[in-house]
Peer 1: 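Quick one: this structure, given as structure tokens, is what I'll be asking you about.
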Amino acid sequence: MTVAADSATGAANLVQSVDWLAIAPPVITATVALLVLVADLFVGERHKPLLGYGAVAGLAAALAMLVPLRAGGRSTFCLTDSAQACSYTADHFALVIQALVLGGALLTALLSIGDTRKLPAGEFWFLLLSSAAGAALLPAARDLATLVVALEVASLPAFALVGIKRGDRRSSEAALKFFLSSVVATAVMLLGVSFVYATTGTMHLTEIAARLDDVPGQFSTLAEAGVVLTLVGFAFKTAAAPFHFWVPDTYVGAPLPIAAYLSVVGKAVGFSGLILVTVIGFPSYADVWGPALAVLAALTMTVGNLAALRQAATRARSAVRLLAWSSVGQAGYLLVPIAAAAYSSDDQIGSTVAYALMYAVVNLGAFAVAALVARTHPGNRLSDYRGLYATRPLAALAMGFFLLCLAGLPPGIIGLFAKVTVFSSAVDAGLGWLAVVMAVNVVIALYYYLRWTAALFSSPETAPGSEEASTAPRQRIPAPVTAAIVLTAVAGITLSGAPQLILRFAAVSLF
């Protein structure tokens with residue numbers, strides 16, 4: 001009887017309760033994805049737009065489930081012998097990033113409604129929601145296995161979304177380039193994960209951090225190689241140079257809402273994973289990843305801004321290319337506080353989160369206006385925006401505001417404050433040279449942001465290469481696109497009026 005009782009007790013200890021509220025955001029998103037895919041079988045072509053509104057409702061519901069979790073500190077799927085080693089943790093960092101990615105996916109869905117007429121609607125919404133579910137899972141993941149699975153769940157549907165325009169050579173080429181480069185990066189990352197597991201014997205980040213402090217001398221090189229290779233996969237997702245080469249062609253070939261999605265949600269996924277493995281998993285190897293990320297930050301912002309500076313106004317799709325290269329430059333700024341955390345404290349991570357929130361709002365807004373302009377100017381050249389104020393004054397004002405925020409100029413106060421916060425993190429960490437590189441790049445970026453802004457309010461004469469401007473009829477703006485522009489503009493103006501709503505993340509520990 002005693003042996004049987006002990007066996008029953010041991011079995012009971014192996015059964016873990018699931019905190020369904022903590023995992024609700026990604027679970028709701030994944031469930032709605034399946035429901036939309038099944039509903040597509042029974043909905044006629046005339047009612048296909050309802051699938052899009054269903055996806056929007058599902059993402060809104062997932063966002064709403066973050067409210068009861070706002071206190072943070074909830075964990076589930078923990079080891080039975082260690083309450084500190086969990087696979088899923090809904091702390092403040094996870095909740096903020098989940099709000100960012102689900103909000104970004106929601107705005108992407110709004111931009112996509114009405115643009116899916118020539119696309120397979122059921123597959124499109126299923127892929128978008130599936131990717132969003134993986135993106136929502138990743139910031140809460142606290143072991144390498146869950147991180148890798150979440151990263152691939154977020155990425156694999158994105159490959160298909162990039163190439164979903166059937167018969168479009170540019171779209172297919174972009175999807176193939178995105179897929180092949182991502183597969184190579186993932187393979188390198190998995191090799192690094194295997195090295196880390198071989199030296200520590202665990203997948204949980206908190207356990208890895210403890211065991212890397214005491215790695216036997218003969219395994220130190222293997223551990224260092226594992227740390228570096230693991231970071232490669234996340235560096236690719238963040239579009240950090242020299243892993244950025246897929247960005248411009250992918251953004252140009254993808255449907256415009258998906259380009260917006262990749263620029264914000266895809267980047268948030270990469271930065272979340274990078275923060276988790278460096279700050280939580282590999283703090284004892286800060287002398288390895290700190291200098292590496294500092295160099296990557298300087299290289300990334302320089303490459304991105306110089307390439308954006310070279311975009312010709314009359315080149316086809318030059319507006320999207322400029323936003324693509326701009327996103328590479330912005331990724332460099334986002335890397336600065338992570339590198340600074342290696343030299344000072346984990347609190348520097350808050351600067352990256354604050355900057356990411358600002359960037360997400362205004363960059364999605366810029367893509368929303370670009371989607372509006374693309375309806376009458378399919379070429380989407382920078383010259384097509386000349387005189388936009390004369391035909392669509394509110395859209396021009398919104399676009400000007402978004403560009404000034406990205407440049408860090410008033411009235412985009414939130415952009416200015418976010419840049420100052422990132423700059424301060426580099427100075428506080430003793431990375432004066434990186435602060436100088438950032439200052440030079442901010443000046444470079446001012447030129448192309450201001451040039452685009454000035455074009456919005458210039459005389460509306462047709463510019464060379466914009467021949468469709470004179471013949472394209474004025475179209476009614478779809479309500480979902482209007483809603484996306486209004487939401488991002490209101491959010492940006494609110495944050496500029498009260499920047500402490502975001503910048504407070506830069507002053508507290510999120511873990």
Side-chain angles (χ1 to χ4, degrees), residues 97 101 104-105 108 123-124 126-139 141 144-165 168-195 226 228-255 257-277 293 296 299-300 303-304 320-321 323-325 327-328 330-332 334-335:
I97 301 300
V101 299
T108 301
E123 290 90 332
F124 179 88
F126 170 74
L127 291 169
L128 179 62
L129 288 167
S130 298
S131 179
L137 171 62
L138 190 140
L144 290 177
T146 307
L147 269 174
V148 171
V149 170
L151 185 64
E152 292 309 300
V153 171
S155 300
L156 290 174
F159 304 149
L161 286 169
V162 170
I164 202 169
K165 292 192 287 187
D168 188 319
R169 178 182 175 184
R170 186 182 295 106
S171 178
S172 300
E173 180 182 342
L176 183 61
K177 181 179 292 187
F178 186 21
F179 173 75
L180 292 177
S181 54
S182 181
V183 165
V184 172
T186 300
V188 173
M189 181 180 63
L190 287 174
L191 181 62
V193 169
S194 68
F195 287 173
V228 172
L229 293 176
T230 301
L231 298 181
V232 168
F234 294 107
F236 170 85
K237 298 299 180 184
T238 61
F243 310 105
H244 68 287
F245 54 85
W246 57 274
V247 172
D249 289 341
T250 299
Y251 284 24
V252 169
I258 299 306
Y261 178 84
L262 292 175
S263 73
V264 172
V265 178
K267 196 171 265 67
V269 167
F271 277 102
S272 299
L274 191 62
I275 289 170
L276 290 174
V277 296
L293 291 182
L296 281 180
L299 182 62
T300 301
V303 168
V320 179
R321 284 189 177 275
L323 287 173
W325 284 114
S327 75
V328 174
Q330 299 287 344
L334 287 163
L335 282 169

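Counting from 1, the numbers follow the sequence of the chain as shown.
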Peer 1: Indicate yes or no: at least one non-hydrogen side-chain atom of Phe178 is less than 4.5 angstrom from one of Leu262.
Peer 2: yes

Peer 1: For the side chain of Thr238 and the backbone of Ala235, is there at least one donor-acceptor N/O pair under 3.5 Å apart?
Peer 2: yes

Peer 1: As an exercise, state the distance from OG1 of Thr250 to CZ of Arg170, rounded to the nearest 0.5 Å.
Peer 2: 12.5 Å

Peer 1: Looking at Gly253 and Lys165, what are the two nearest heavy atoms and their distance?
Peer 2: O-CE, 3.4 Å

Peer 1: Under 4.5 Å between any side-chain heavy atoms of Trp325 and Val247, yes or no?
Peer 2: no

Peer 1: Under 3.5 Å, side chain of Ser182 to main-chain N/O of Phe179, donor-acceptor pair present?
Peer 2: no

Peer 1: Return yes if some donor-acceptor pair links the side-chain N/O of Ser155 with the main-chain N/O of Glu152 below 3.5 Å, else return no.
Peer 2: no

Peer 1: How many angstroms lie between CG in Leu137 and OG in Ser272, if you round to the nearest 0.5 Å?
Peer 2: 11.0 Å

Peer 1: Give me the atom names and distance for the closest heavy-atom approach of Ser194 to Leu191.
Peer 2: OG-O, 2.5 Å

Peer 1: Compare all side-chain heavy atoms of Phe234 with those of Val269 and state whether any distance is below 4.5 angstrom.
Peer 2: no

Peer 1: Any side-chain heavy atom of Leu156 within less than 4.5 Å of one from Phe159?
Peer 2: yes

Peer 1: Can you say whether the rings of Trp246 and Tyr251 are parallel (under 30°), tilted (30 to 60°) or perpendicular (over 60°)?
Peer 2: perpendicular

Peer 1: Report the residues that fulfil side chain to side chain contact (heavy atoms under 4.5 Å, CB included) with Ala132, sequence neighbours left out, ordered by chain and then residue number.
Peer 2: Thr29, Leu59, Ala105, Tyr261

Peer 1: Without swapping roles, check the side chain of Thr230 against the backbone of Gly226 for a donor-acceptor pair under 3.5 Å.
Peer 2: yes

Peer 1: Quick check for you: to the nearest 0.5 Å, what is the distance between Ile97 atom CD1 and Leu138 atom CG?
Peer 2: 10.0 Å

Peer 1: Hey, does Leu128 have a side-chain heavy atom less than 4.5 Å from the side chain of Glu123?
Peer 2: no

Peer 1: So which heavy atom on Ala254 is nearest to which on Ala259, and how close?
Peer 2: CB-N, 4.3 Å

Peer 1: Using 0.5 Å steps for rounding, measure from the CZ atom of Phe124 to the CD1 atom of Ile258.
Peer 2: 4.0 Å

Peer 1: How close do Ser131 and Ala154 get, heavy atom to heavy atom, and via which atoms?
Peer 2: OG-O, 2.7 Å

Peer 1: Could you pull out the closest heavy-atom pair between Ala160 and Leu127, with the gap in Å?
Peer 2: CB-CD1, 3.6 Å

Peer 1: Taking the side chain as C-beta and beyond, is there a heavy-atom pair between Pro242 and Leu296 under 4.5 Å?
Peer 2: yes

Peer 1: Would you compute the distance between atom OG1 of Thr300 and atom CG of Leu293 and round it to the nearest 0.5 angstrom?
Peer 2: 9.5 Å

Peer 1: What is the distance from atom NZ of Lys237 to atom OG1 of Thr186, rounded to the nearest 0.5 Å?
Peer 2: 5.0 Å

Peer 1: State, to 0.1 Å, how close Ala331 and Lys267 come at their nearest heavy-atom pair, and which atoms those are.
Peer 2: CB-CE, 3.8 Å

Peer 1: So if I apply the side-chain contact (heavy atoms from CB on, under 4.5 Å) rule between Val149 and each of Val153, Leu147, Thr146, Leu151, which one comes out positive?
Peer 2: Val153

Peer 1: Backbone N or O of Gly163 within a donor-acceptor pair of the Ser172 side chain at under 3.5 Å?
Peer 2: no

